[in-house]
Amino acid sequence: MFESLKKKFSRTSEKLEEELIEEGQQENNVQEESGKRFSFFSFGRKEEAEEDESSLLPEAAKTFDEKEPEAAEETSGEDDDKEKKSGFLSKFRKSSKDDEETPEEDDKEEKSRFWNRNKENKEDISADGEATGGVFSFIREKTIQKKHVEDILFDLEMELLQGDVAMEVATEVVESVKENLVGKKIKRSNDITEFTYLALKNAVSDIIDIPGKSMTEMIEEKKAQGEPLVVMFVGINGTGKTTTIGKLANYYLKKGYTPVIAASDTFRAGAIEQVTHHADNVGVKIIKHQKGSDPAAVAFDAVEHARAQKKELVLIDTAGRMQTNTNLMDEMKKIKRVSKPDLVIFVGDALTGNDATEQSKKFNEAIDIDGVILTKADADSKGGASLSIGYVIKKPIMFLGMGQGYDDIMEYDAGWMLNQLFSEDEQGEISDEIQS
Ligand SMILES: Nc1nc2c(ncn2[C@@H]2O[C@H](COP(=O)(O)OP(=O)(O)OP(=O)(O)O)[C@@H](O)[C@H]2O)c(=O)[nH]1
Ligand SMILES: [Mg+2]
């Protein structure tokens, strides 16, 4: 999941590092020309860190370990100019063996490098974010300036937009990262990646964490008042409303509650049969009328049934409708007026990306939704809707649909999502097949 987003974030960190290293190298060349014989990198380093880094950048380590200062000087001039053009860091990464590698293999190496290095170098950064030493230190402290980050963050913003992240979210991420990074003093090249990574993580963390109660908490609160929690599901056609209702009935039944389903999609052919099939499979009661009957009346009856039977949860299925269909939008408002749900949940298909975010805005304007469920997250590599939807309408994502089975649903957790995007674990690992 979200492989493409994750890759964009890691690349941004690397690009900034390359930019600053290249600039540092250019400064170094100027100093050499004026006879100062400064080297860009310091040679004082920890034994341990040296080992770590040499395994990652073998030729770089070799170059600086083995070259005499005179020899190092000889390589400046023409060769250095060439190096500058081709990108300083990328040259370091290449060994004679690498030269034989295919571009795909190179790409694979780059993907894993960021995460490995972050992991390996954590111990070099103290709690207050100060670097404590390590390889490839800058001779002088460098300060990240606007000019260093502007182009790179512009690229990130464009990539986020292409990845179906909403405009306001892309802008917020970029502004927040810029604010966080500009003025930051760095002592080693590796800190750039670390700081960029943390700045991105903070920005995303603020965006995805929309406070709200969980559905379970709400069921408990209503139960304490002797009332069922009434939940109405809305959205456009085919996003997964009915399937989600089956999953939630199953989820809460397993938690020890007794849900009841209202078959309030009386509009689409086969809809009543479909939701009845789910209710039977899961083993919950369904309240239904004839096809074409008033959906608000079905919802009302289901609420009455739950009250009478002391059931804790009413799940109201509704017909899919386009936000532009005024008649059907009015019908939806009527269901809400009559059944007085505690929660109106917009069910969006994560795969539709920015369209899902735009639809959620329209439904929110029409009916004032309380929360979101994003379905098909299992198949979503872009992650644009997951990152944007809550922030854009200021309503929490409550669950993620993770497949077609009844157990394929999980309560949304911002910490889990952050982990998917910013850490190297089995699930969060970047998939090589997915193109950005
Ligand atoms: N992979 C995947 N498929 C899902 C998920 N949720 C729903 N689906 C599939 O999406 C399709 C549509 O699901 P429905 O539940 O019928 O959608 P709906 O919103 O009720 O559709 P309408 O009633 O026609 O508006 C079905 O094939 C589901 O199996 C999910 O989380 N992951
Ligand atoms: Mg349906």
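One-based numbering, in listed order, for ligands and for the atoms of each. None of the values given here were measured: they were computed from a predicted structure.
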Query raised in the report: Relative to ligand 1, is Met402 under 4.0 angstrom through side chain, backbone, both or neither, heavy atoms considered?
Result: backbone
Query raised in the report: Within less than 4.0 angstrom of ligand 1, does Ala379 place any heavy atom?
Result: no
Requested in this report: Please round to the nearest 0.5 Å and tell me the distance separating atom CG of Leu328 and atom OG1 of Thr318.
Outcome: 10.0 Å
Query - Ligand-side contact atoms (ligand 1) for residue partner Gly320, heavy atom cut-off under 4.0 Å - result: 25 (O)
Query raised in the report: If you count the atoms of ligand 1 from 1 in the order shown, which ones are under 4.0 Å from a heavy atom of Gly401?
Result: 31 (O)
Report task. For a side-chain hydrogen bond (donor to acceptor under 3.5 Å, both in side chains) with His289, tell me which candidate from Thr266, Asp294, Asp301 qualifies. Result -> Asp301
Requested in this report: Would you mind running through ligand 1 and noting each atom that sits below 4.0 Å from a heavy atom of Thr243?
Outcome: 7 (C), 13 (O), 14 (P), 15 (O), 28 (C)
Query raised in the report: At a non-hydrogen distance cut-off of under 4.0 Å, which region of Asp408 contacts ligand 1 (side chain, backbone, both, or neither)?
Result: neither
Query raised in the report: Do Lys8 and Ser4 have a side chain donor and acceptor closer than 3.5 Å?
Result: yes
Query - Identity and distance of the protein heavy atom lying nearest atom 3 (N) of ligand 1 - result: Gln404 CG, 3.3 Å
**Report entry** Lys/Arg cation over aromatic Tyr391: Lys394, 6.0 Å, 45° cone
**Finding:** yes
Query - the Mg ion (ligand 2) contact by Thr242, N, O or S atom under 2.8 Å - result: yes
Requested in this report: With heavy atoms only and a cut-off of under 4.0 Å, state how His278 meets ligand 1: side chain, backbone, both or neither.
Outcome: neither
Requested in this report: Number the atoms of ligand 1 from 1 as they appear, then name those within less than 4.0 Å of a heavy atom of Asn237, with their elements.
Outcome: 25 (O)
